[in-house]
Engineer: 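Below is a structure I'd like to ask you about.
Numbers restart at 1 for each chain; the letters A, B, ... are given by sequence-line order, proteins then strands. These numbers come from the heavy atoms of this one structure, side chains and all, not from hydrogens, waters or symmetry mates.
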2 protein chains.
Amino acid sequence: MLKLSNRGLYGIKALYELANNYGKEPLAIREISKRHGMPVPFLEQVLHLLKKKGLVKSRRGSNGGYTLSRSPDKITLGEAVIALEGPIALCDCILKRDPDNKLEKEMRCVASNIYRKLGEKVEQAFNSVTLLELAEENSDKTYIATCK
Amino acid sequence: MLKLSNRGLYGIKALYELANNYGKEPLAIREISKRHGMPVPFLEQVLHLLKKKGLVKSRRGSNGGYTLSRSPDKITLGEAVIALEGPIALCDCILKRDPDNKLEKEMRCVASNIYRKLGEKVEQAFNSVTLLELAEENSDKTYIATCK
DNA sequence: ACTAATCCTGATAAAATTAGTCAAGTATAA
DNA sequence: TTATACTTGACTAATTTTATCAGGATTAGT
Ligand code: FES
Ligand code: FES
């Protein structure tokens, strides 16, 4: 369990490239794609997801491409995986909320309370890692592009 | 992300029932199934998974059924979800090991190191919850069977 | 204005996974 | 002997994931 789909794995690799590119000119999908052997049309979808959630910005046209919308130390892996794979939760019913944004019912099944606590713990763990750390982790290494 | 499949959700509910039944006569699939509105044939598969991993024992024939193979405080939610949903890991390559049971290569992609650390953290979180806690959590409540 | 590069968007198709069913079999208790 | 209940493997249906594709809109450079 806990597995990321290709959508998630590709998205995180893209964010890694954008983090390394932060402050420079936009990076084109084609270039990101080439560096990690990811299919261009799929990556388009993936980056669109990240854009919808405000993690990246884009510039169209010649010399266009994507940039992070915040500095790498202000973007967490938690935000990234939530944008790419949906909310962090053990089940859907945990997420259902009433108009006041409170859980609809305190108890939904025998495990709901534990599911909620575990979900929060996991989200916290993912939020404790930033794109800056991801980038620095690899600053002195040549990574293997075809890892999946 | 982090979502459990029905396989996992059903399995945990079954384990909850078995935890409450610990020390008594075996509990039949049909009975467990009825209490939570789960399809019998599917639950058969699920309990078989738990048996293969040694979490439950079974007795066939009349008055047969399933029992926990250890006391509820000796079985963690981590063991359960791993039995039901496979190993806890962000990606498959993290799991590939050489004959000495070491990671095949230290670095697989830009995120592998972080994936590994996060996976371990999550596994630890799941292992910190036992079936006893799951059972006690609900000792004073009537749960809603049709939560999913 | 023209052109090439690039993002944008929605539709669609292929593949993989999950969910659930079914049937014939084996073991057990009464 | 009989009814009950687990065992096992095969099978189908539904859902999700993984892409692919086409046509459109925007921008930089000339
Ligand atoms: S399955 Fe979501 S709270 Fe029980
Ligand atoms: S995708 Fe598994 S280590 Fe990179």
Engineer: Between D:dT7 atom C1' and B:I29 atom CD1, what is the distance in whole Å?
Structural biologist: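 Atom-to-atom, B:I29 to D:dT7, this comes out as 9 Å.
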
Engineer: Looking only at side-chain N and O atoms, does A:S62 come under 4.0 Å of OP1 or OP2 in D:dT26?
Structural biologist: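 No, no such contact exists.
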
Engineer: If you look at every heavy atom in B:G64 and B:P26, which pair is closest and at what distance?
Structural biologist: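 Taking every non-hydrogen atom into account, C-CB, 3.9 Å.
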
Engineer: Can you tell which of D:dC6, C:dA19, D:dT17 lies closest to the side chain of A:R7?
Structural biologist: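 Selected nucleotide (nearest to the side chain): D:dT17.
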
Engineer: Starting from the 5' end of DNA chain D, give me the residue, B:A28 or A:S5, whose nearest nucleotide shows up first.
Structural biologist: B:A28

Engineer: For A:E137 versus B:I114, what's the shortest heavy-atom pair and its separation?
Structural biologist: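 Scanning both residues, the minimum pair turns out to be OE1-CG1, 4.2 Å.
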
Engineer: I need the minimum non-hydrogen distance between A:L49 and A:L84, along with the two atoms involved.
Structural biologist: CD1-O, 4.1 Å

Engineer: Just compare D:dA28, D:dT7, D:dT26 and give me whichever is closest to any side-chain atom of A:N63.
Structural biologist: D:dA28

Engineer: Would you state whether a donor and an acceptor, one from the side chain of A:Q45 and one from the base of D:dT17, lie under 3.5 Å apart?
Structural biologist: no

Engineer: Of the listed nucleotides (C:dA5, D:dT7, D:dT20), which one gets closest to any side-chain atom of A:P41?
Structural biologist: D:dT20

Engineer: Would you kindly compare B:K51 and A:L4 by the position of their nearest DNA chain D nucleotide and give the one closer to the 5′ end?
Structural biologist: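 Result of the comparison: B:K51.
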
Engineer: Quick check on C:dC7: is either OP1 or OP2 less than 4.0 Å from any side-chain nitrogen or oxygen of A:H48?
Structural biologist: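 Negative; the distance criterion is not met.
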
Engineer: Give the rounded distance in Å between these two atoms: CG of A:N6 and C1' of C:dT17.
Structural biologist: 13 Å

Engineer: Need one value for A:L47: base, sugar-phosphate or nothing, where a base atom within 4.0 Å counts as base even if backbone is also close, heavy atoms only.
Structural biologist: nothing

Engineer: Going by an N to O cut-off under 4.0 Å, is there a salt bridge joining B:R35 and B:E17?
Structural biologist: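 The answer is yes: the pair qualifies as a salt bridge.
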
Engineer: Does B:K117 pair with B:E120 as a salt bridge, N-O distance under 4.0 Å?
Structural biologist: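 Looking at B:K117 and B:E120, the cut-off is not met.
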
Engineer: Round to the nearest Å and state the distance from B:L84 atom CG to C:dT18 atom P.
Structural biologist: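 Roughly 12 Å, once rounded to whole Å.
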
Engineer: Search all heavy atoms of B:E25 against all heavy atoms of B:N21 and return the closest pair with its distance.
Structural biologist: O-ND2, 2.7 Å

Engineer: Quick check on DNA chain C: between B:V40 and B:E85, whose nearest nucleotide comes earlier from the 5' end?
Structural biologist: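 Residue closer to the 5' terminus by nearest nucleotide: B:E85.
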
Engineer: Ignoring backbone atoms, establish whether B:R60 has a side-chain N or O less than 4.0 Å from OP1 or OP2 of D:dT7.
Structural biologist: no

Engineer: Let me know the distance between CG of A:L43 and P of C:dT6, rounded to the nearest Å.
Structural biologist: 14 Å

Engineer: Can you find a side chain N or O atom of B:Y10 that sits less than 4.0 Å from OP1 or OP2 on C:dT18?
Structural biologist: no

Engineer: Atom CD of A:E44 and atom P of C:dA11: how far apart are they, to the nearest Å?
Structural biologist: 16 Å

Engineer: Which part of the nucleic acid, if any, lies within reach of A:P39 when heavy atoms closer than 4.0 Å are counted: base, sugar-phosphate only, or nothing?
Structural biologist: sugar-phosphate

Engineer: Using the side-chain heavy atoms of A:S58, tell me which of these nucleotides is nearest: D:dC21, C:dC7, D:dC6.
Structural biologist: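 The answer is C:dC7.
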
Engineer: How many whole angstroms separate atom CG of B:L49 from atom C1' of D:dG9?
Structural biologist: 14 Å

Engineer: Just N and O in the side chain of B:R59: are any of them under 4.0 Å from OP1 or OP2 of D:dC6?
Structural biologist: no

Engineer: Distance check needed: D:dT4 C1' versus B:Y66 OH, whole Å only.
Structural biologist: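 Checked: the OH to C1' distance equals 14 Å.
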
Engineer: Could you tell me how far apart B:D92 (CG) and C:dA16 (C1') are, to the nearest whole angstrom?
Structural biologist: 13 Å

